[in-house]
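The structure appears below as structure tokens.
What's counted below: heavy atoms across the whole structure, side chains too, no hydrogens, waters or symmetry copies. Reminder, nothing fancy here: chain letters follow the sequence lines and each chain counts from 1.
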Amino acid sequence: MLDALTTGLAEVGAPADRSVIAAQLNLEGGPQGDAAFPLHRFVAASGLSPPALAARLAGELRAGPEVDHVTADGAYLNFRANSVRLTERTLRLVFARAGRYGHGDDAGIAACVEHTSANPTGPFHIGRVRNAIIGDTLARALRAAGTPVTTQYYVDDMGRQAAMVTWIWSKPVSEWPPEIRAAVEGFEVPGEKTDAHRGRPYPATSAYLKTHPEAAAEVAALVQQTEAGNAPPQQRELAQSILDGMLESLVRLGIRFDEFVWESDFLKDGSVDRVLARLRSAPHAVQESNGAWAIEAASYGLPKESTRVVVQRGDGTSLYVTRDVAYHLSKFVRFQRVVDVLGQDHRLHAVTLDALLSEIGEPRRPEYVIYQDITVPEGGRMSTRGGSAVWLDHLLAEAVERARKEVLARREDLDPAEVERIAEAVATGAVRYHIVRVASEKPVVFRWDDALSFEGRSGPFCQYSFVRAVSVLRKAEAENPPYPFDSARLNHPEEANLIRVMARLPRVVQYAARRNHVHALAGYAHDLAEQFNRFYHAVPVLRSVEERPSRIAVVAAVRQTLGNTLDLLGIARPDSM
RNA sequence: GGGCGCGUAGCCUAGUCUGGAUAGGGCACCGGGUUCCUAACCCGGCGGUCGAGGGUUCAAAUCCCUCCGCGCCCGCCA
């Protein structure tokens with residue numbers, strides 16, 4: 001098609017580069033075709049009026065094997081694909097690639113996606129979960145696009161927050177200050193997750209330290225001790241214990257990590273010292289009067305009043321950003337593509353990190369995927385202390401409750417275990433979809449009714465459509481391949497539309513991975529589910545006769561394509577709902 | 001104050017990188033659809049100054065400038 005256009009344009013006196021033509025060609029199609037080509041850009045050179053140019057080119061471009069016909073519409077050329085061939089090719093590809101349909105070839109570069117990395121101080125609220133869902137989906141998208149991915153969770157076991165947890169739990173509850181004890185007593189829950197249990201005194205402790213300097217001094221001493229490499233042993237154990245509880249919740253959402261990287265390890269292995277040595281001799285290094293070292297980073301786009309980035313305190317200890325430099329250097333050793341998923345409040349930290357990498361002569365940079373906060377309707381970010389946080393475990397419990405009701409209302413034939421299994425799948429699917437559907441740079445206002453919606457543009461809608469396909473195949477006793485089909489029999493308009501949506505998946509995966517736009521996958525899942533429902537209502541499958549085997553093949557292809565898409569989104573694919 | 005992000009129907013949202021036809025969905029609302037493969041569905045209707053203004057262009061939601069509104073950040077915290 002590109003060749004034909006190139007030749008055709010040259011013949012009418014408007015030659016153009018293939019790249020220009022390719023950029024103009026819209027493969028998503030226009031109102032009346034599978035591909036559209038606007039001609040405005042070539043009108044002047046041709047000396048013809050736009051419609052005349054379109055008509056002339058349409059007449060000259062002969063339909064090829066892939067293209068049924070070319071029509072002129074105003075200043076546009078519209079191409080209609082050969083449906084039989086498109087159907088043939090798409091279905092064959094889906095069946096041949098199966099679980100890898102939509103996936104790209106191994107690009108040969110290794111990527112690291114660091115996401116979540118929430119400090120282990122207590123349970124996840126759903127603002128933090130946005131990071132995990134975006135990060136996990138991105139990792140899936142990159143893998144599908146052909147980039148081997150290692151996911152990493154960076155665990156902060158060194159700062160004040162970790163020290164506060166250690167400080168309070170290193171003494172028996174009976175010796176806690178009354179203010180903190182009050183926040184805990186009466187909340188003992190047998191079998192409670194460790195993040196909820198160990199995290200409960202955290203907000204009160206944080207508040208207490210603000211008004212009790214002597215206690216704050218003890219915490220500061222702990223930080224010092226940790227910096228010196230002598231962290232109390234229970235500090236890491238506590239962090240691990242809380243982290244374990246947090247991760248249990250993420251596992252329900254299908255989120256697991258390949259590696260956990262502990263911040264304190266960079267101190268222990270000497271890499272922080274090496275980074276500090278390089279920073280002290282960096283081009284813009286300056287030493288303050290108290291012995292602290294900083295980088296004068298005005299040229300790196302930092303805020304006007306604070307261009308000085310302190311990298312080493314007056315007492316010789318390192319700072320978070322310094323350790324982060326060490327961490328990133330370690331990533332660059334192993335990975336060609338390094339992606340960090342960060343909340344917008346870390347944006348400046350990212351700029352600072354880039355500046356420091358530059359200072360020590362490191363040419364590589366992480367890619368940042370920045371997401372906006374999830375806020376509450378009353379305004380403002382979710383705050384643990386302000387009581388406005390929506391906890392992930394609470395949200396999941398509500399979602400399961402609601403899903404269970406839905407299942408029980410429509411199915412009486414299921415045993416309780418099956419009901420629970422479906423409710424869990426629907427609930428987690430709804431939550432994941434609800435978070436991932438919005439572009440990460442958009443702010444999200446959390447509303448219960450939206451988050452728990454099972455209709456319309458939702459996870460359960462996509463799951464339900466998938467189950468429909470499963471169910472039809474089950475009734476057809478055609479749960480396994482082969483799926484013989486005759487493309488010539490698949491000529492219902494809704495069938496053609498459905499094939500076209502299925503054919504789009506590889507492009508969607510590439511787009512999502514290249515732009516880090518995971519929400520495109522959510523949009524695609526909905527498009528495919530919706531079009532399958534239209535097909536389902538308009539076209540009989542089991543009741544058809546001559547078309548039956550071919551239509552069963554279409555349904556099998558949908559099961560595969562939609563199933564692959566749900567996998568990309570980390571959403572469970574139930575076989576019954 | 002400065003930097004970054006966001007602003008698309010009553011509400012939520014896609015499209016913005018790389019300008020192209022009548023701005024694509026969802027919720028809500030109104031009207032239809034189930035003796036038939038699962039109605040968590042489908043069909044139809046209603047609803048748009050794409051924050052405002054200017055500019056570039058044959059063509060602007062998309063690019064440039066100014067402004068307005070909202071959010072975040074501007075620590076020898078993480």
[N] pairs with, by Watson-Crick or G-U criteria that keep both distances under 3.5 Å:
N: B:rU34; result: none
N: B:rA59; result: none
N: B:rG48; result: none
N: B:rA14; result: none
N: B:rG7; result: B:rC68
N: B:rA23; result: none
N: B:rG1; result: B:rC74

Give the nucleotide from the list [options] with an atom nearest to the side chain of [X].
X: A:A439; options: B:rA78, B:rC42, B:rA14; answer: B:rA14
X: A:L348; options: B:rC74, B:rC41, B:rA78; answer: B:rC74
X: A:L542; options: B:rC76, B:rC37, B:rC72; answer: B:rC37

Using a strict 4.0 Å threshold on nitrogen-to-oxygen distance, state whether A:R411 and A:E418 make a salt bridge.
no

Atom-pair distance (NZ on A:K442; P on B:rG5), nearest Å:
14 Å

Are the side chain of A:E495 and the backbone N or O of A:H492 linked by a donor-acceptor pair below 3.5 Å?
yes

Can you check whether A:V539's main-chain N or O pairs, donor with acceptor, with A:E494's side chain at less than 3.5 Å?
no

What distance separates A:E359 CD from A:R280 CZ, expressed to the nearest 0.5 Å?
14.5 Å

Regarding [N], can its base be found pairing with the side chain of [X] as donor and acceptor, where the two atoms are less than 3.5 Å apart?
X: A:H526; N: B:rG25; answer: no
X: A:N290; N: B:rC76; answer: yes
X: A:E530; N: B:rG25; answer: no

Within less than 4.0 Å of OP1 or OP2 of [N], is there a side-chain N or O belonging to [X]?
X: A:R514; N: B:rU18; result: no
X: A:H519; N: B:rG15; result: yes
X: A:R474; N: B:rU38; result: no

Need one value for A:D345: base, sugar-phosphate or nothing, where a base atom within 4.0 Å counts as base even if backbone is also close, heavy atoms only.
sugar-phosphate

Looking across every strand, which nucleic acid part, if any, lies under 4.0 Å from A:A23 by heavy atom: base, sugar-phosphate, or nothing?
nothing

Could you pull out the closest heavy-atom pair between A:V438 and A:H434, with the gap in Å?
CG2-O, 4.5 Å

B:rC30 to B:rC46 separation - C1' atoms, rounded to the nearest Å:
7 Å

